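Taking it in order: structure first as structure tokens, then the write-up.
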4 protein chains.
Amino acid sequence: MARKPSHWKRRKDARPTEIVAAALDVFAERGFSATRLEEVAERAGVSKGTVYLYFANKEDLFKAVVRQALVPTIAKVETHIREHPASAREQLAEVFASMVGTIATPPAAAIPKLVIAESWNFPDIAKFYLKEVIARGFRLMAGVIERGKASGEFRTDVNVDHAVRLAIAPVLLTALWKTSFEPAVGARLDAEPFLKTHLDVLINGLANKTSR
Amino acid sequence: MARKPSHWKRRKDARPTEIVAAALDVFAERGFSATRLEEVAERAGVSKGTVYLYFANKEDLFKAVVRQALVPTIAKVETHIREHPASAREQLAEVFASMVGTIATPPAAAIPKLVIAESWNFPDIAKFYLKEVIARGFRLMAGVIERGKASGEFRTDVNVDHAVRLAIAPVLLTALWKTSFEPAVGARLDAEPFLKTHLDVLINGLANKTSR
Amino acid sequence: MARKPSHWKRRKDARPTEIVAAALDVFAERGFSATRLEEVAERAGVSKGTVYLYFANKEDLFKAVVRQALVPTIAKVETHIREHPASAREQLAEVFASMVGTIATPPAAAIPKLVIAESWNFPDIAKFYLKEVIARGFRLMAGVIERGKASGEFRTDVNVDHAVRLAIAPVLLTALWKTSFEPAVGARLDAEPFLKTHLDVLINGLANKTSR
Amino acid sequence: MARKPSHWKRRKDARPTEIVAAALDVFAERGFSATRLEEVAERAGVSKGTVYLYFANKEDLFKAVVRQALVPTIAKVETHIREHPASAREQLAEVFASMVGTIATPPAAAIPKLVIAESWNFPDIAKFYLKEVIARGFRLMAGVIERGKASGEFRTDVNVDHAVRLAIAPVLLTALWKTSFEPAVGARLDAEPFLKTHLDVLINGLANKTSR
DNA sequence: CATGAATGAGCTTTCATTCAT
DNA sequence: AATGAATGAAAGCTCATTCAT
């Protein structure tokens with residue numbers, strides 16, 4: 001019944017990562033409650049019981065999935081920005097360019113949808129996500145915009161908090177569209193040109209025209 | 001007893017509407033799979049069996065909920081626009097003003113979240129929602145923007161499809177925020193001023209500056 | 001699949017009693033943890049789910065079993081004594097005669113064994129049993145013995161608490177023997193003559209011989 | 001390291017004994033089915049797999065526990081009696097004194113409870129216990145009482161079999177009380193004075209008064 | 001029409017047991 | 001001899017669905 005003959009070598013350290021990866025796949029496909037632990041196990045190439053060797057229960061596994069899938073995602077964007085100092089406009093462009101990759105990558109793109117969908121049952125996860133992802137992304141964006149306002153690139157009459165949300169909203173829409181409507185309905189959305197337009201309109205909308 | 005004579009008459013036709021209303025409440029609170037039909041029945045003041053008199057199963061009820069909750073929502077916006085012809089900028093403002101009310105009203109605000117969350121299990125609903133809500137809203141918005149482009153108010157180099165999504169994205173974000181993060185985390189978002197800023201920045205971003 | 005055609009008449013009131021009776025049987029045969037709820041359901045002629053209609057969980061069912069099996073048991077003895085005032089010796093005899101019936105009746109006889117065996121997992125039940133059965137039996141016995149001491153029938157140098165336990169110990173032994181060793185090993189113990197001897201020796205042992 | 005050289009040698013033969021000792025502890029604390037083999041292994045300082053090196057399965061381990069815990073218990077009493085010939089009354093006192101120690105020692109005191117509780121699932125053990133412990137204790141007691149009857153100390157109209165059970169019953173009650181109700185409910189029972197009273201009342205009850 | 005007792009498939013979770021190392 | 005990662009059968013429990021009344 002052993003699927004793979006290399007059963008005994010890839011041990012204790014690889015297992016949890018493999019299981020979490022498989023779980024992300026299944027959660028992304030079916031959502032939390034429709035996910036059967038047996039399917040996760042199957043895809044990870046282990047038995048049902050093995051999942052419980054590493055995770056106390058389904059919820060615990062779900063949290064691990066979110067955590068594991070997010071760490072690289074946030075870090076990637078953060079470091080990207082930190083290492084590419086430039087004008088506010090250019091940095092905004094950088095952030096978006098960096099986000100597009102993440103948004104387009106299938107499994108990670110499902111995280112926002114999962115968090116939103118399961119915020120009912122797991123407020124903990126919403127809390128965690130808000131703190132670890134949204135807040136960090138917020139600070140990042142807010143920094144860029146503040147700098148733009150200070151340098152005279154951006155209008156000073158725009159609430160930073162609002163501006164940040166405006167900047168993020170189309171990215172969120174893209175992620176949700178790609179995970180909800182594209183697979184279900186087949187309505188394609190080409191992320192790259194859309195976000196390019198977004199950047200264009202946003203920068204134009206935030207641009208300081210008093211200097212005209 | 002003589003006070004509510006109409007109450008005893010409404011039964012036959014009101015029943016399904018009452019059940020759907022109760023169901024929307026519960027679905028909005030708990031999500032699809034965490035919703036027990038028994039609770040829906042309780043809130044509708046009927047027995048579990050009665051629900052099955054009007055709806056074949058849980059999924060059917062869910063579809064009815066989405067359908068019923070959306071008809072007035074879309075119609076409201078559509079008629080509002082149709083009845084208030086004005087400049088593109090002004091109409092954009094009208095659409096948003098009209099949307100704010102819907103988005104802020106608790107039960108209807110949960111619909112987008114529900115549709116997104118359940119697009120996994122019920123592609124039908126995603127399809128229906130796309131067709132009946134998104135597409136109609138799209139046409140509406142697209143009309144306004146096309147008119148703005150034609151009149152010289154808006155830039156002509158902006159893809160209409162993209163512009164519509166950009167216009168809607170912050171509204172979606174607001175709805176999701178209010179139904180996912182506000183209740184779970186207590187992070188308030190004041191919809192009205194946010195969408196006012198959105199409108200401001202968007203119109204500025206779309207504004208034709210070649211005439212300068 | 002319906003075992004019995006009279007499925008729909010014996011409703012809501014009879015069900016729980018039937019289930020508890022079936023449960024007592026199975027618990028008595030197998031012990032708590034080896035009892036599968038499905039078997040209880042089968043014997044009660046209902047489905048697994050029905051058990052959960054009346055009892056929150058296995059433990060709850062167990063408590064109900066103990067409770068239901070004990071109420072008549074204790075009451076029987078108490079009323080018997082109350083209605084048969086006599087000399088201390090005679091009353092002691094009455095109590096025992098009354099106990100013999102209970103001890104010999106198969107399902108109720110298993111209760112002490114069950115309580116003892118499950119005091120590990122369910123201290124609540126031990127507590128309940130101590131309070132509702134043992135304490136009440138104690139008071140009963142203590143009353144008889146005190147009266148015997150007061151009337152000069154019994155020695156006054158014997159601790160009442162001890163005397164009560166001495167009186168009960170052989171009854172307990174009988175119950176345990178009949179439920180543990182008789183079925184497992186086939187070693188018969190004839191309760192009636194044994195408890196007759198017990199009474200004889202006990203009364204003789206407690207008898208006041210200073211008057212000799 | 002030089003301190004405990006004997007510790008490194010004892011392995012091969014001590015292992016099973018250590019495991020059984022640990023198992024007795026856990027069985028006494030939790031009962032048979034609530035005992036996880038992993039906890040037994042932990043307390044014995046070995047791994048789960050090792051337990052299976054010495055015992056075919058959980059039941060086998062349980063039997064070994066009972067066996068091992070009983071050998072010294074019975075032997076202790078038997079030799080004590082054999083080495084202390086005296087009058088029947090005195091010997092009865094000896095037996096009880098010897099039993100009190102065993103009954104009061106925590107792990108061994110749990111054996112009767114375990115045997116009784118698990119006689120459902122393991123009739124073998126009940127059989128074994130009956131043969132190896134009860135029967136041997138019986139013979140012992142019976143001998144003492146027969147001698148008492150022969151010497152004229154005790155009444156001759158009392159069935160020996162019954163008398164033996166009467167003698168043992170309060171000891172059993174004490175053991176069960178201490179392992180079932182004391183830990184669960186906190187209702188203390190002082191074994192020594194109680195069994196002293198028992199001996200007093202029993203000897204008085206068995207005493208031959210025809211010689212008066 | 002309406003009820004709600006009854007059902008049973010299906011899920012999560014536990015843990016004795018196995019076996020490659 | 002010893003390990004402990006892996007297994008999978010088995011059981012408790014939930015709840016959408018049915019149907020006799």
Side-chain angles (χ1 to χ4, degrees), chain A residues 1-2 5-15 33-41 44-61, chain B residues 11-12 15 33-42 45-61, chain C residues 1-2 5-16 33-41 44-61, chain D residues 11-12 15 33-41 45-61:
Chain A
M1 228 170 262
S6 62
H7 230 53
W8 288 98
K9 198 66 198 192
R10 43 164 190 175
R11 247 201 318 271
K12 211 177 176 179
D13 30 316
R15 277 282 188 274
S33 59
T35 290
R36 285 174 309 114
L37 243 21
E38 191 147 31
E39 190 176 356
V40 171
V46 299
S47 80
K48 230 185 328 174
T50 302
V51 176
Y52 283 86
L53 225 50
Y54 298 102
F55 305 94
N57 51 40
K58 201 180 174 183
E59 182 172 349
D60 201 56
L61 175 61
Chain B
R11 290 233 300 223
K12 212 169 174 175
R15 273 277 188 277
S33 58
T35 290
R36 285 173 308 113
L37 243 23
E38 188 146 35
E39 191 176 354
V40 171
E42 253 168 45
V46 299
S47 80
K48 231 188 321 179
T50 303
V51 175
Y52 281 87
L53 234 45
Y54 297 102
F55 304 95
N57 50 39
K58 198 181 177 183
E59 180 173 348
D60 201 57
L61 174 62
Chain C
M1 227 169 263
S6 63
H7 230 54
W8 287 98
K9 199 68 199 191
R10 43 163 189 176
R11 250 205 313 274
K12 212 176 176 179
D13 30 316
R15 276 282 187 274
S33 58
T35 290
R36 284 174 310 113
L37 242 23
E38 192 148 30
E39 191 176 355
V40 171
V46 298
S47 80
K48 225 186 331 172
T50 302
V51 176
Y52 283 90
L53 226 50
Y54 298 101
F55 305 95
N57 51 42
K58 201 181 173 182
E59 181 172 350
D60 202 57
L61 175 62
Chain D
R11 293 231 300 223
K12 212 168 173 177
R15 275 277 189 279
S33 59
T35 289
R36 285 174 307 114
L37 242 24
E38 189 148 34
E39 191 176 355
V40 172
V46 299
S47 79
K48 234 190 316 179
T50 303
V51 175
Y52 282 86
L53 233 45
Y54 297 102
F55 305 95
N57 51 40
K58 199 181 175 182
E59 180 173 349
D60 201 57
L61 174 62

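Just so we're clear, the structure is a prediction, and the values are computed from it rather than from any experiment. Note on naming: letters A, B, ... go to the chains in the order of the sequence lines (proteins, then strands), and numbering restarts at 1 for each one.
Applying the 4.0 Å criterion to OP1 and OP2 of E/dA16, one finds that D/R36 has every side-chain N and O outside that range. OP1 or OP2 of F/dA2 has at least one side-chain nitrogen or oxygen of D/Y54 nearer than 4.0 Å. Residue C/T50 has no polar side-chain atom (N or O) positioned under 4.0 Å from OP1 or OP2 of E/dA6. Phosphate proximity of E/dA16 to D/K58: present, with a side-chain N or O under 4.0 Å from OP1 or OP2.
In this structure, B/L37 reaches the sugar-phosphate backbone alone: every heavy-atom distance under 4.0 Å involves primed, P, OP1 or OP2 atoms, never a base. Nucleic acid contact for A/S33: none, since no nucleic acid atom lies under 4.0 Å from a heavy atom of the residue.
Along DNA chain E, the nucleotide nearest to C/V51 and the one nearest to A/E59 differ in position, and the one closer to the 5' end is contacted by C/V51. Nearest-nucleotide positions on DNA chain F place D/G49 closer to the 5' end than the other of B/A56 and D/G49. For the pair D/T35 and A/N57, nearest-nucleotide mapping onto DNA chain E gives the more 5' position to A/N57.
Nearest heavy atoms, C/K58 versus C/T35: NZ-O, 2.9 Å. Nearest heavy-atom pair across A/N57 and A/Y52 is CA-CE2, 4.0 Å.
Here the separation of F/dT21 from E/dC1, taken at their C1' atoms, is 13 Å to the nearest Å.
Between the C1' atom of F/dC15 and the CD atom of B/E39 lies a distance of 13 Å, rounded to the nearest Å. Atom CZ in C/F55 sits roughly 18 Å away from atom C1' in F/dT14 (whole-Å rounding). Here E/dT3 presents its C1' atom at 14 Å from CD of B/E42, a figure rounded to the nearest Å. Look at CG on A/L53: it is 13 Å from P on E/dC15, rounded to the nearest Å.
In this structure, C/E38 CD and C/S47 OG are separated by 9.0 Å, a value rounded to the nearest 0.5 Å. Separation of atoms CG (D/L37) and CZ (D/F55) is listed at 10.0 Å; rounding is to 0.5 Å. The structure places NZ of A/K48 at 9.5 Å from CZ of A/R36, a figure rounded to the nearest 0.5 Å.
The A/Y52 side chain lies nearest to E/dT14 when the options are F/dA2, E/dT14, E/dG4. Listed nucleotides: F/dT7, F/dC13, E/dT14. Nearest to the side chain of C/K48: F/dC13. Considering only the side chain of B/S47, E/dT3 comes nearest among E/dT3, E/dT7, E/dT13.
Counting only Watson-Crick and G-U wobble pairs whose two distances sit under 3.5 Å, DNA chain F takes part in these stems of three or more pairs: E:2-21 with F:2-21.
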